[in-house]
Amino acid sequence: MLRVRFAPSPTGFLHIGSARTFIFNWLYARRNGGTMILRIDDTDIERNTQASLDSIVEGLNWLDLGWDEQYRQSERLALHKQVAEAIFQKGWAYHDFTPAETEEGEKPRLGAAWLFHAGMRELSHEESDRRAAAGEPFVLRYRVPRDIVEDVRFTDGVYGEQSKSTADIEDFALLRSDGTPTYHLASCADDADLRISHIIRGQDHLTNTFKHILIFRAAEVAAPEFAHLPLLVAPDGTKLSKRRHGPVVSVTTYRDAGFLPDAFINFLCLLGWSPKDDREKMSRQDLIDAFSFEGINKSNAVVNFTETDPFDPKAVWLNSQYIHAMPLEELAQKLLPVVCASGFSVDPSKMLAIAPLIQERIKLLGDVVTVADFFLVDELPGYDTAELIPQKGDLATALKVLERAREILAKTEFNHQSLEEALRAEAGRLGIKAGQMFQPIRVAVCGRKNAPPLFETMAVLGRDTCLRRIDQAIQKLQS
RNA sequence: GGCGCUAUCGUCUAACGGUUAGGACGGAGCCCUCUCAAGGCUUAAAUACGGGUUCGAUUCCCGUUAGCGCUACCA
C-alpha cells in the first residue's frame, strides 16, 4: 500500500514551497492509488502557534485537494519516547550530559570534535544510569559507529544514488534534555508507525536522510523510499523566507489577489517538474496522469517576483488562461464576492452582463475592481477633461461629438448593433473617423481612454447612465 | 571550514552521444481593430569555465568556479 505524507510544522503561514510539496505528494498518491496523509509536525513547542496551524489548514483547504488521514505529532509523544527507549536499550544511543551551549560561545569545533562530545560515548551503563537517576540533564544521542567507517546509502527517486560516510555524520540528538523528541526522531518514529512508503520532501532534507536511515536501522524497521524536491528560491537565489521576502511567499497572498486554485497548482507544478512535452496549461487530472519522479528536475527553481510585481509573470499568465476558459456564469459568480469585498454593490444579473466584457481583460480576479469600476459606481471618479478630445481633433470636435451622441443615444434602441450603426453613420456625417467619434464618448461614459468595447459597454450601462455621463462631460468641456 | 547537492535563453523548461539546441512566460516588431485587451505572425535571447573519453559531446568522466542545502537540545 502506497502511503505518502505532508508534514508541515506550524511555525508560520503556508509557504508556497510547502504548498508545492503538498501538491507533489498528493499527485503521487492519486497517480498510484495511494493514501495522502497530513501530519502536523509540532514538536517545537517554542515556535508553534495555533494561528499558524489555522493558516496552513486554510491554505490547504483553498487548494481543495484534500487528504485521507490526519495526525498531530504532539499527540504521539509516547510513541516517540518508546522508540527512543528501544534505540537506547539496543545500544544505538547514549546519554550525553554535556550542558547545552550557551548561545554566542559557538566556536567552530575543528577537526573531528564536532562529531560528538568527548567522553560521553564511553560512559559506563552504571555511571550513565546513576547520573540520569540523580537528575542530571542529558541529551539522548545517536551512537554513530566510529570504529568502522561505512558509507550510508540510499537511492533517491529524484537525485539517484546517494551516499555519505559515517565519518561525516555527527552524533545527532534524538531526545532533548527536557525529554521531548527532536524532529529527526519524531519524524522517523511516525513515518515507521504510519507505514509511510514514500517520503517526498524538500531537498533541504537530502543530507538529513542519512541520519534518518540510521534511525530506521536502529529501530529495526525498513526505511521508506525517498524523493527530494528541488527548492523554490527567490530571484536572488536565496531560499524563500517570510523574513526576507515578505507576504509574497504566502499562499494566502495568491488567493487574496484572485488566483484560481487550479491555476496556482498548475503554476507550482511547472516549477521543478515538467511533463516532458510542450504542455503548460494542465488540469488536475492532466497533472495526475503525467506525474512521475522522472519529470522532476534537480536544480532549484526561481519564483520570479519583484518589489513592484509580487507575482511570477507566468503564474499570472496561467491564471489568465484559466479565466479566459471559464464559463461566464462561473466567472460572474467568482467575481461577485471580490467586488463586494471592495465595497461595491452589484447584483448577480448585472455581474453576469459585465463578465463577458472583462473576461479577456483581467488576469487575476482582483483586477475586476480596476477594470470594471465604472460599471459599479453611480458617479464616475474625476478624469482629465483633455482625454475627451480625440486624436487630431480639438475641443470643438469633442463638444460636437458629445452633443450629437446625446441626441442619438436618446432615441436609438439600446443594443450593440443599433448603437454602432447609428454612431458610425454619424461619424460619416461629421466627416471624422470612427475612432475620433468613439473616443470622446468612451471617456465620457467610462471615465478613461482604455475600456471594453464601447457599444456592449453602453448597452450594459443603460441609456440613463450614459446620457447622464455625457451631459456631465459636456459641462466639463464648457467650463 | 567540513560534508552533500546543483549548473541550457532574463525566468520556467525540452533535447536521456549525432537537432539550424525546441517550447512557454516576459521583451521587441508587425497584423487585426472603436481604445484596451484577446488572438495571429515575426524576432532578439542559452548549453558557466577548463580538461579528458569518443568518429562525434548540452548529454559521460575529472577539475575549477558559482549557487544552494546540512553541519542546533529548529523543522
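Reminder, nothing fancy here: chain letters follow the sequence lines and each chain counts from 1.
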Nucleic acid contacts of [range], taken as heavy-atom distances under 4.0 Å to RNA chain B:
range: residues 162-170 of chain A; answer: Gln162(A), Lys164(A), Asp168(A), Glu170(A)
range: residues 4-17 of chain A; answer: Ser9(A)
range: residues 416-446 of chain A; answer: Arg424(A), Phe438(A), Arg442(A)
range: residues 205-216 of chain A; answer: His205(A), Leu206(A), Thr207(A), Asn208(A), Lys211(A)

Inter-nucleotide [atom1] distance ([N], [M]), Å rounded:
N: A66(B); M: C30(B); atom1: P; value: 44 Å
N: C16(B); M: G1(B); atom1: P; value: 38 Å
N: U54(B); M: C41(B); atom1: C1'; value: 43 Å
N: U6(B); M: C61(B); atom1: P; value: 10 Å

Indicate, with a heavy-atom threshold strictly under 4.0 Å, whether [X] touches base, sugar-phosphate, or nothing.
X: His228(A); answer: nothing
X: Lys449(A); answer: base
X: Val302(A); answer: sugar-phosphate
X: Ala451(A); answer: base
X: Asn297(A); answer: sugar-phosphate
X: Leu271(A); answer: sugar-phosphate
X: Gly202(A); answer: nothing
X: Arg448(A); answer: nothing
X: Pro452(A); answer: base
X: Gln321(A); answer: sugar-phosphate
X: Thr43(A); answer: sugar-phosphate
X: Pro453(A); answer: base
X: Phe138(A); answer: nothing

Nucleotide forming a Watson-Crick or wobble pair with [N], both distances under 3.5 Å:
N: U19(B); answer: none
N: C49(B); answer: G63(B)
N: A24(B); answer: U11(B)
N: G39(B); answer: C31(B)
N: C3(B); answer: G69(B)

Next on the checklist: A quick test of your reading: do over 12 heavy atoms of other residues, nucleotides or ligands sit less than 6.0 Å from NZ of Lys476(A)?
Outcome noted: yes

Next on the checklist: Tell me whether the count of non-hydrogen atoms from other residues, nucleotides or ligands lying under 6.0 Å of CD in Glu413(A) goes above 12.
Outcome noted: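 Result for CD/Glu413(A): open.
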
Item to check | Check: Phe264(A) main-chain N/O paired with Tyr254(A) side-chain donor or acceptor under 3.5 Å | outcome: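 Checked: no pair found.
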
Item to check | Asn319(A) side-chain N/O to Leu260(A) backbone N/O, donor-acceptor pair under 3.5 Å | outcome: yes

Among [options], the one nearest [X] by side-chain distance:
X: Ala301(A); options: A24(B), G22(B), U13(B); result: U13(B)
X: Ser177(A); options: C73(B), C36(B), G23(B); result: C73(B)
X: Glu360(A); options: C70(B), A37(B), C73(B); result: A37(B)

Item to check | His205(A) and its ring-ring contact (aromatic ring centres under 6.0 Å, His included) partner, picked from Tyr183(A), Tyr159(A), Phe210(A), Phe226(A) | outcome: Tyr183(A)

Next on the checklist: In this structure, how many angstroms lie between the C1' atom of A75(B) and the CD1 atom of Ile199(A), rounded?
Outcome noted: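 My rounded result for the distance is 14 Å.
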
Item to check | Rounded interatomic separation in angstrom, taking CZ from Phe116(A) and P from U71(B) | outcome: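 Phe116(A) atom CZ is separated from U71(B) atom P by 19 Å.
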
Report each atom pair, protein N/O against N/O of nucleotides 63-68 of chain B, whose distance is under 3.5 angstrom.
| unit_1 | atom_1 | unit_2 | atom_2 | d |
| --- | --- | --- | --- | --- |
| C68(B) | O2' | Asn300(A) | ND2 | 3.2 |

Every protein N/O within reach of nucleotides 40-44 of chain B N/O, cut-off under 3.5 Å:
none

Are there any protein N/O atoms within less than 3.5 Å of an N/O atom in nucleotides 25-32 of chain B, and if so, which ones and at what distance?
| unit_1 | atom_1 | unit_2 | atom_2 | d |
| --- | --- | --- | --- | --- |
| C25(B) | O2' | Lys314(A) | N | 3.3 |

Checklist entry - Does Lys276(A) place a side-chain N or O at less than 4.0 Å from the phosphate oxygens OP1/OP2 of A15(B)? => result yes

Is there a side-chain contact between [X] and [Y] in this structure, where contact means two heavy atoms from C-beta onward sitting under 4.5 Å apart?
X: Pro230(A); Y: Ile296(A); answer: yes
X: Phe291(A); Y: Phe24(A); answer: yes
X: Thr412(A); Y: Met458(A); answer: no

Counting the benzene-type ring for Trp, do [X] and [Y] have ring centres under 6.0 Å apart?
X: His212(A); Y: Phe154(A); answer: no
X: Phe259(A); Y: Tyr322(A); answer: no
X: His95(A); Y: Phe88(A); answer: yes

Might you point out which heavy atoms bring [X] and [Y] nearest each other, and give the distance in Å?
X: Ala234(A); Y: His245(A); value: CB-NE2, 3.2 Å
X: Ile441(A); Y: Leu423(A); value: CD1-CD2, 4.0 Å
X: Leu240(A); Y: Val233(A); value: CD2-C, 3.8 Å
X: Pro390(A); Y: Pro440(A); value: CD-CG, 3.9 Å

Qualifying salt bridge (charged side-chain N to carboxylate O under 4.0 Å, His left out) pairs, either residue in [range], two or more places apart:
range: residues 156-170 of chain A; answer: Glu170(A)-Lys211(A)
range: residues 5-25 of chain A; answer: Arg5(A)-Asp191(A)
range: residues 306-325 of chain A; answer: Glu280(A)-Lys314(A)

Checklist entry - Do Glu426(A) and Arg429(A) pass the salt bridge (charged side-chain N to carboxylate O under 4.0 Å, His left out) test, and can you show the C-alpha distance, the side-chain angles, and the key distance before you say yes or no? => result CA-CA 5 Å; Glu426(A) 187 61 24; Arg429(A) 256 173 261 132; 2.2 Å; yes

Item to check | Residue pairs passing the side chain to side chain donor-acceptor pair (under 3.5 Å) test where at least one lies in residues 442-460 of chain A, sequence neighbours excluded | outcome: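 Qualifying pairs: Asp373(A)-Arg448(A).
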
Next on the checklist: Give me each pair satisfying ring-ring contact (aromatic ring centres under 6.0 Å, His included) with a member in residues 419-439 of chain A, each pair once, sequence neighbours excluded.
Outcome noted: Phe438(A)-Phe455(A)

